[in-house]
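Small disclaimer: the values here were computed from a predicted structure and weren't measured. All chains are named by letter (A, B, ...) in the order of the sequence lines, taking the proteins before the strands, and each is independently numbered beginning at 1.
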2 protein chains.
Amino acid sequence: MGSKILVVDDEHEIADLVEVYLQSENFTVYKFYGALEALQCIETTELDLAILDIMLPDMNGLTLCQKIREHHHYPIIMLTAKDEETDKITGLTLGADDYITKPFRPLEMVARVKAQLRRYKMYNPSRTEEAVSPVIIHSGLVMNVDTHECLLNEKPLMLTKTEFSILRILLEKKGSVVSAEELFHEIWQDEYYSKSNNTITVHIRHLREKMNDTVEHPKYIKTIWGVGYKIEA
Amino acid sequence: MGSKILVVDDEHEIADLVEVYLQSENFTVYKFYGALEALQCIETTELDLAILDIMLPDMNGLTLCQKIREHHHYPIIMLTAKDEETDKITGLTLGADDYITKPFRPLEMVARVKAQLRRYKMYNPSRTEEAVSPVIIHSGLVMNVDTHECLLNEKPLMLTKTEFSILRILLEKKGSVVSAEELFHEIWQDEYYSKSNNTITVHIRHLREKMNDTVEHPKYIKTIWGVGYKIEA
DNA sequence: TCGCATATTAGGAAAATCTTAAGATTTCAT
DNA sequence: ATGAAATCTTAAGATTTTCCTAATATGCGA
């Protein structure tokens, strides 16, 4: 994930709440309490989705919605009060992809955001994090990311999820050295990394064991002292 | 798919939005902002469905609806403002097959379009383009998607709707791993809130039970820990 | 040799899945 | 509409698998 989401609501509590929930899902949030401040963001940032309150003090939320639509096609979700007059709501879907009535359950909001992003990215796959080839081949080693299968010299290699990820990353960066910290962040993203954490080392150990690789004469995973690990190109 | 759909709404944003959503589902869209322009399209194009705003400036949507009905039998969906029941009923009796009140969620709209098309094409099979094979076969397992029948080693397997869907999805993606979340979205699309992922687990359990599959040595549904389920190719 | 980086080990912690059963919901015949 | 049957969902605990920690050992380079 890591999609960029615009949030505009003059009610600070709601904007903040939305922000917290979205951030907890690893989205990048651009939060504004007024439409005018948001305008610049719209111009300058490559967003993936927008959440707009329909009632803003300085500019109608619908106007903002239409401003976005002038140049962008990413999903827009409107926040509406439940008791607004029907007439006003009638024009609501003008350009919006979904609407959520206040008060709403945060988890429902998050679910809808995800649903829209899923749809958007399916339709616009270029925005999705690069699509990689599902099979990686390297001297007697075959990895199929789709089937989660791994063969070593024609024989199946049973790898756990994490082991599979480490081997995949090393193979994708075949030839260059990858530090333990880099591996850590590729796999666990944001989580805190400390040097005393030898988790990666242990997984590497297991990998080598399953692949019959020795530390002294590694056929696959080589240790570059003080730098990291690598698989020769 | 690839059905031809007429969209008529004088509110440009709504017409455009509907167009985008339908196009993303690979429908061919004929979009008009006024009834008069649409008339010619109705005459000259072999449409599969029409979506009409009930309130148009140059001609009543219902009138347009009746014009279509003079010569065509494809489904018509009316867009209506959130008003009284009267319009709804009237609209339906005047030849429309479904109505959607504004504001609406585009995804719901798409779902209804699909539902109408399904119904329509069932009675007009000639219009269906090259249907995919309705039977899936895999080592002793025969699934007929049309009749919803399933045989395991010549003997009938009684599956519920959800079980059938899960098995079908796994077989369609035979070989690759499908996560519980993916299964969830394939089956329930954009539903949100609760319905913990455990639901899938329970259905998988029932499936395995009916198929005499064991968790330890599964012949069909294998668990890839931390990733999902798969059926070997 | 010393200091630091990596390797090895194993057991407990954590996470994911399985199992079960009860309650909710839907379906269907009456 | 009503109730029974089928199906689905939820919840809690059991089980399995995987991960992480911590303590110790080993190897590299200055």
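The backbone N or O of Glu11(A) sits less than 3.5 Å from a side-chain atom of Asp9(A), completing a donor-acceptor pair. When atom types are taken as modelled, the side chain of Asn198(A) and the backbone of Thr201(A) share no donor-acceptor pair closer than 3.5 angstrom.
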Close N or O pairs between protein and nucleotides 12-15 of chain D (under 3.5 Å):
| unit_1 | atom_1 | unit_2 | atom_2 | d |
| --- | --- | --- | --- | --- |
| dA12(D) | N6 | Asn198(B) | ND2 | 3.2 |

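The local environment of NE2 in His148(B) is crowded, with over 12 non-hydrogen atoms from other residues, nucleotides or ligands closer than 6.0 Å. Counting non-hydrogen atoms of other residues, nucleotides and ligands closer than 6.0 Å to NZ of Lys161(A) gives a total of 12 or fewer.
Atom CH2 in Trp188(A) sits roughly 13 Å away from atom C1' in dT21(D) (whole-Å rounding). Rounded to a whole Å, the CD1 atom of Ile166(B) is 14 Å from the C1' atom of dC18(C).
Contact detail for Met143(A) and Phe164(A): the closest heavy-atom pair is CE-O, 3.5 Å. Taking every heavy atom of both residues into account, Asp213(B) and Ile221(B) meet most closely at OD2-N, 3.0 Å.
Within residues 156-164 of chain B, the residues having any heavy atom closer than 4.0 Å to DNA chain D are, in order of number, Thr160(B), Lys161(B), Thr162(B). Using a 4.0 Å cutoff on non-hydrogen atoms, the parts of residues 200-224 of chain A near DNA chain D are Val202(A), His203(A), ordered by number.
Residue pairs satisfying the side-chain hydrogen bond (donor to acceptor under 3.5 Å, both in side chains) criterion with at least one member in residues 202-211 of chain A, sequence neighbours excluded, are listed as follows: Glu163(A)-Lys210(A), Arg205(A)-Glu209(A), Arg208(A)-Thr223(A). Under the salt bridge (charged side-chain N to carboxylate O under 4.0 Å, His left out) criterion, the residue pairs touching residues 219-233 of chain A are Lys222(A)-Glu232(A), Lys230(A)-Glu232(A), with sequence neighbours excluded.
An angle of 40°, rounded to 10°, separates the two end axes of the helix from dT1(C)-dA30(D) to dT30(C)-dA1(D), each defined over five pairs.
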